[in-house]
Number of protein chains: 4
Amino acid sequence: MSVLSGVSSEKPRRSAHSHAAVLRAAADLAGRLGYANASIEQIAAEAGVGKQTIYRWWPNKAALFIEVYRGLVPADIVTDDTGSLAGDLEALLARLSHLYCDTPAGNILAGLIAEAQTAAEPADQLRRTYVAPRRAIIGSIFERAAARREIEALDDPGFASDLISGAVWFRLLLGRRQLDRRFKKRLVDAVLQGVARKPARAASALQSRGRDRKGAR
Amino acid sequence: MSVLSGVSSEKPRRSAHSHAAVLRAAADLAGRLGYANASIEQIAAEAGVGKQTIYRWWPNKAALFIEVYRGLVPADIVTDDTGSLAGDLEALLARLSHLYCDTPAGNILAGLIAEAQTAAEPADQLRRTYVAPRRAIIGSIFERAAARREIEALDDPGFASDLISGAVWFRLLLGRRQLDRRFKKRLVDAVLQGVARKPARAASALQSRGRDRKGAR
Amino acid sequence: MSVLSGVSSEKPRRSAHSHAAVLRAAADLAGRLGYANASIEQIAAEAGVGKQTIYRWWPNKAALFIEVYRGLVPADIVTDDTGSLAGDLEALLARLSHLYCDTPAGNILAGLIAEAQTAAEPADQLRRTYVAPRRAIIGSIFERAAARREIEALDDPGFASDLISGAVWFRLLLGRRQLDRRFKKRLVDAVLQGVARKPARAASALQSRGRDRKGAR
Amino acid sequence: MSVLSGVSSEKPRRSAHSHAAVLRAAADLAGRLGYANASIEQIAAEAGVGKQTIYRWWPNKAALFIEVYRGLVPADIVTDDTGSLAGDLEALLARLSHLYCDTPAGNILAGLIAEAQTAAEPADQLRRTYVAPRRAIIGSIFERAAARREIEALDDPGFASDLISGAVWFRLLLGRRQLDRRFKKRLVDAVLQGVARKPARAASALQSRGRDRKGAR
DNA sequence: TGGTAATCGAGACGGTACGTCCCGTCTTAAG
DNA sequence: CTTAAGACGGGACGTACCGTCTCGATTACCA
């Protein structure tokens, strides 16, 4: 079962058709014009829907686009087990790169984060929709690694997640809009050595990394 | 001399007073209402300035706020040498925390990044005003550490900078709006172990901090 | 039996209760907000009725309010014989004054007339509901006067009616919203001398009136 | 000097062109669709003007249309002296008939009167723009007649005016939208006999008119 | 006496218009 | 010739109603 599912039963949405059309139009326009320039007016027109229908179901633009964002994140962003922590992280980075470069998701997310600076409610929803699932995904990757005794269990998986998310985010939104091979490599390395600890008694593992335990807080 | 200064000689600004008043009003309004809700109209009114005066000197809202942002970053964000890499990073984090939590800088930056997703020119200016100076600062911190032979010189200081900036950014804009002690500690640790390498023969460096290092890659 | 009654057998109205509630709510709202500001939406809400129920029984707002108007005109607006033309006219004016000043009828009528300028169907209905009955009433007053040989029969009673109705209308809708004693006096006088002719051999009639310049009423 | 002139110097209207275009478009649309259906939105569009420009200069639709109405009333509605009261009144009726049948003035006036039932301010303005000038015109006709000793001076010229205006109004707005020859004749007769009094020693006056009881109509 | 159709309230739907805010440009008058 | 002030054409906001359209839930009539 997906981490991001099970959210659709909020209200008795009467017109499933209109609902879908609005989300589609919103994603479209955000892709073409950017979050800020995608007006409710245009979205309504493009969806062939009255403005009121939008305002009926979403309290504000942010709420609408949070649902749009949710729809853009594919279920399979939670990756299969590749057998190694590095492999899992690389697979995730590939999927994030695709999500933010080939869909309007990056643009939308930037707009949402900007809006979240001022309004409290969008901020909360954004944390629930974006931060929490992201931490869940990355957390489970580390759990898997710990389960296969590749590393010890992290005592703050949220931090690891934020480190990765922040780096990706920074690179994509302020850089060249792509995650090059080198960047991905460095990021995986930095995470492996910066936040992960080798398991205590791990003969073979000790050789491969030789990192010791005391002092790293 | 500051890394971020020396940019003011663009045009023969007739009214230095008006210029300052606009920047002050813009910072004020962004602080109170957020970047998106601070309209040129209000800024002009609050500054006691004609709208045209704003449009004369800045091509668009983003350009104005980039200058506002620049003005909010204090010269002393480039810290003195504390004698250790960890110390320097901690000092920087403290200053960033202050900048983004106690001034409208975070709010403005979020708005600018959102705008940069759509428009090319603000994106460029933003990279020049924000990304580049930030990399310069962090780069110089690592250079200092290499000079005192605490670490080897990094072969990609930009990556280290982005890793730190991204993490801070993520935490501040999507989290609790503060960098708690634990987070700062973890981030410094992760950077030290994740991107820095000990110098080949590192006798003196070991002394400079009680932290032991043997075997870190 | 009233001149304006006997119109209710159009359809098998299922819910007499709803029907009445709608008319009541409409009259109420028109009184409080004016014809134009009384929306079908509010009327439905205030009547505790679905909008469809209103649209089912009345083709448009004008039709609804024509029925409301009809309901506001009391049966006894057709006055008893006071014995003289002047007396009958004065009695009518008193009733009209009450109707237009103490009920929303004036407000509604103004709205209906405005609407009738554009739409043909409301115009027709308005003539049937308002102009025709008014002419009938005033016509019968003059007939009564002719029958008692106070005046000769008018050859255009419609004109006399319009003259009176117009004057009342003008005064009420554009003036001080009341018919003062002096106005009523002058109007009756003007009608008596302006449209009525004394009967050819009118000995008795002259007595029955004894009205001349000085001391009328 | 015209009774209805001297009103244009209210504010420093910046764009005389826009001002005229709005009035023209409003008159046009009211003529085509009626007062109620002429929306500010359409007027702005047809005039090639921003909506705000309309709201800037007129507080509401009624105020705008009062100015439109004022512009539709021709200066020469104040007629030359025809030499007799009957002639003057007939000339006025002819002009009113034209005004209300061949221009949107009637439609607009109906809308304004309806609106005046609810709002106080439009009601006042309407009295100033419509009722007062009308009374002035008709009053001066009667004054002229008194001056040439055709009748005695009226002690309530306002009543005479309202009687005429009301009759015309009623006929035009609720009838066949024209003032036929017969109606005009009857109205002039009724006014002459109903509100005007022959002068006490009226030898000359009788000559000047040659009109007496027999033969009228 | 149970079935079935019309009617009921509620209110969602695609729309139009409202009156307001702001955009970026243009005009005016004062200095 | 630059200001502050603010009008201009325009686009979007979020709201109120329009008249039509589904919904179940009564309800009243026929079977």
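A note on names: the letters A, B, ... follow the listed sequences, proteins ahead of strands, and every chain is numbered from 1.
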Go nucleotide by nucleotide along DNA chain E from the 5' end; which of D:S39 and C:G48 gets its closest nucleotide reached first?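 Whichever sits nearer the 5' end wins; that is C:G48.
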
Using the closest heavy atom to pick a nucleotide of DNA chain E for each, name whichever of C:A45 or B:N37 lands nearer the 5' end.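 Nearest nucleotide further toward 5': that of C:A45.
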
Please report the distance, rounded to the nearest Å, between [atom1] in [X] and [atom2] in [N].
X     : N      : atom1 : atom2 : result
B:I54 : F:dG6  : CD1   : P     : 15 Å
A:E46 : F:dA12 : CD    : P     : 13 Å
B:H19 : F:dA4  : NE2   : C1'   : 18 Å
C:N60 : F:dG19 : CG    : P     : 8 Å
A:W58 : E:dA12 : CH2   : P     : 14 Å

Nucleotide nearest [X] when distance is taken to its side chain, options [options]:
X     : options                : value
B:Y55 : F:dT20, F:dG14, E:dC23 : E:dC23
A:Q52 : F:dT3, E:dG15, F:dC13  : E:dG15
C:E41 : E:dG9, F:dC18, F:dT15  : F:dC18

So, does [X] get its side chain near the phosphate of [N], meaning an N or O under 4.0 Å from OP1 or OP2?
X     : N      : answer
D:W57 : F:dG6  : no
A:R56 : F:dT15 : no
A:S18 : E:dG14 : yes

Using 4.0 Å as the upper bound for N to carboxylate O, is an ion pair formed by D:R32 and D:D28?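 Salt bridge: yes.
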
Using a strict 4.0 Å threshold on nitrogen-to-oxygen distance, state whether D:R128 and D:D124 make a salt bridge.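 Salt bridge: no.
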
Tell me if a side-chain donor or acceptor on D:Q117 pairs with a main-chain N or O of C:L173 at a distance below 3.5 Å.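 Yes; at least one donor-acceptor contact below 3.5 Å.
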
Would you confirm whether B:K61, through its side chain, and B:Y35, through its main-chain N or O, come within 3.5 Å as a donor-acceptor pair?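 Yes, because the side chain of B:K61 sits within donor-acceptor range (under 3.5 Å) of the backbone of B:Y35.
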
Distance-minimising heavy-atom pair for B:I108 and B:L72: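 Residues B:I108 and B:L72, closest heavy atoms: CD1-CD1, 3.8 Å.
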
If you assign each of D:T53 and C:I40 to its closest nucleotide in DNA chain F, which residue comes earlier from the 5' end?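 Of the two residues, D:T53 wins.
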
Would you mind telling me which residue lines up with the more 5' stretch of DNA chain F, B:K51 or C:A38, judged by nearest nucleotide?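 Mapping each residue to its closest nucleotide by heavy atoms, the 5'-most match is B:K51.
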
